[in-house]
Amino acid sequence: MSERAEEDTVAVTVDRRIAWVSFNRPEKRNCMSPKLNRQMKRVIEELEFRDDVGVLVLKGEGTSWSAGMDLKEYFRENEEKGLGAIRQAQREAYGWWERLRWLEKPTVAMVNGWCFGGAYGPLFACDLAVAAEDAQFGLSEINWGILPGGGASKIIAELTGFRNAMYHAMMGENVDGRKAAEWGLVNEAVPADRLEARVTEIANVLLGKNPDALRATKWAIRRVREMTYDNAEEYLIRAQEAANFFDSEGRKEATRQFIDDKTFKPGLGAYDL
Ligand code: ACO
C-alpha cells in the first residue's frame, strides 16, 4: 500500500453521541508516526466541543490497538534530522496525550489487540480502559535497547505494584488483557467478541450522567493523585464551587427528584437530566 495521507491515519465515526476514534494504520499495527500524532491532536480538539459528542472511545483498526511509537518515522528519521526534529516529534506525541488526559469529555480506551511502549501514554490518558482478554500489553523498549520513556515508566510504576512494574519493564515479556486488568492497567478484560458491546454499555452509562459533574470528577481524580490529603480536601471544595458556576441547577434538580418527587435514588443510578 502507498503511504497513508496524514488525514487518513485516524478514523472517526460519531454514533448516538459516542465518538469512535481509531488509530488507523493497521498495516503498520497502528504505531504512532508524526503524521498520526498531528492528526490525533486535530481530531480530538475538534470532537471536544461538539454538541453531538458525549463520550470518546479510542480504539485500533485491525489486529492492534497501537504498536507504540513508529521506530522508523518517529525515531530513526527524526534522529537523522537532529535534536530539533526529535523535540518536535516528542511535543506532537506528548501534546495529544496531554490533551486527551484533560479532555472535557469522558474517554474510554478499547484495547482490541497489541499495546506497546508509547501506547501506554494514550492508554493512561483515557479515563477508563477495557481490553480484550487476548490483547497483548508490553513494554518492549528493553527488547530493542531503550528505557520506557514518554511516560511509560511512570505509568507502569503508578498503575501496577513495584514488583510488577520492574518485571514488566525489565523482562520485556507481554501480559494479556486478563493480567492487565488484574494489575490495574485496564479496568476489565472481556472476550474479544464482547468488547465493543461492553464499551458501548459503559459509554451509555456515562452519557446518562451530568456532563459538568463528569468533567469535574475526572479532573479531580487525576489531580488529587499527587496531593496530600489536606490539599486535596481544599482543592475539591474549590473544584465543586467552580463546577457550580457551570451547572448550578443540576444538583438542585437531582435533589428535588430524590427528596420531593421520590422518582430516583442517587445510590442506585443517575437522575433524569
Ligand atoms: N514501528 C514501525 N513499524 C512497525 C511498528 C513500530 N512500532 N510495529 C509494526 N510495524 C510495522 C512492521 O515493520 C511491518 O511493516 P512492513 O509491512 O512494512 O514490513 C508492519 O508494521 C506489520 O508488522 P509485523 O511485525 O509484520 O506484524 P505482526 O502482526 O507479525 O507483529 C507486532 C505485530 C508484534 C506488534 C510487531 O510488529 C512488533 O513487534 N512491533 C513493534 C512493537 C514495539 O516494540 N513497539 C515499540 C514500543 S517502544 C516505544 O513505543 C517507545
Side-chain angles (χ1 to χ4, degrees), residues 1-6 8-11 22-41 58-81 83 85-98 100-101 109-126 129 131-160 165-177 179-180 183 185-186 192 195:
M1 161 173 188
S2 62
E3 200 169 312
R4 237 168 230 282
E6 189 156 315
D8 296 332
T9 57
V10 177
S22 301
F23 292 105
N24 191 32
R25 300 178 74 210
E27 69 283 0
K28 296 287 179 189
R29 303 301 177 263
N30 299 326
C31 64
M32 289 175 271
S33 62
K35 282 183 187 166
L36 181 143
N37 291 330
R38 288 193 287 270
Q39 185 62 13
M40 270 293 187
K41 182 140 184 288
L58 184 57
K59 67 193 197 82
E61 292 302 317
T63 56
S64 188
W65 192 66
S66 170
M69 309 319 292
D70 188 317
L71 268 61
K72 177 171 171 280
E73 293 183 37
Y74 177 86
F75 284 111
R76 190 166 69 187
E77 290 177 1
N78 285 312
E79 280 160 17
E80 281 164 6
K81 289 181 202 154
L83 187 61
I86 293 170
R87 288 286 181 264
Q88 178 168 341
Q90 286 167 337
R91 282 173 197 145
E92 286 166 351
Y94 303 170
W96 78 262
W97 305 344
E98 197 249 349
L100 192 60
R101 283 201 299 283
M110 181 172 108
V111 186
N112 49 296
W114 304 110
C115 178
F116 284 112
Y120 284 34
L123 179 70
F124 175 67
C126 289
E133 286 174 348
D134 58 2
Q136 292 285 315
F137 295 77
L139 287 182
S140 52
E141 285 88 339
I142 195 68
N143 294 340
W144 63 282
I146 69 167
L147 61 76
S153 291
K154 169 82 173 145
I155 291 160
I156 196 72
E158 202 166 295
L159 297 188
T160 74
M166 281 296 190
Y167 193 94
H168 196 52
M170 294 175 70
M171 298 290 283
E173 289 173 10
N174 301 335
V175 295
D176 67 9
K179 181 62 91 178
W183 276 5
L185 260 183
V186 298
L195 183 61

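In each ligand, atom 1 is the first atom listed, and ligand 1 is the first ligand listed.
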Quiz item: Salt-bridged, Glu73 to Arg25, with N to O below 4.0 Å?
Solution: yes

Quiz item: Taking the side chain from Trp97 and the backbone from Tyr120, do they hold a donor-acceptor pair closer than 3.5 Å?
Solution: no

Self-check item: Short side-chain to backbone donor-acceptor contact, Asn24 and Gly60, under 3.5 Å
Solution: no

Quiz item: So, are Glu61 and Lys59 salt-bridged, with charged N and O less than 4.0 Å apart?
Solution: yes

Exercise. Sort and list the pairs that fulfil side chain to side chain donor-acceptor pair (under 3.5 Å) and have at least one residue in residues 138-155, not counting sequence neighbours.
Key: Lys154-Glu158

Quiz item: At a 4.0 angstrom heavy-atom cut-off, what protein residues surround ligand 1?
Solution: Glu27, Lys28, Arg29, Cys31, Ala67, Gly68, Met69, Asp70, Leu71, Phe75, Trp114, Phe116, Gly117, Gly118, Ser140, Glu141, Trp144

Quiz item: Between Trp114 and Phe116, how do the two ring planes meet: parallel, tilted or perpendicular, split at 30° and 60°?
Solution: parallel

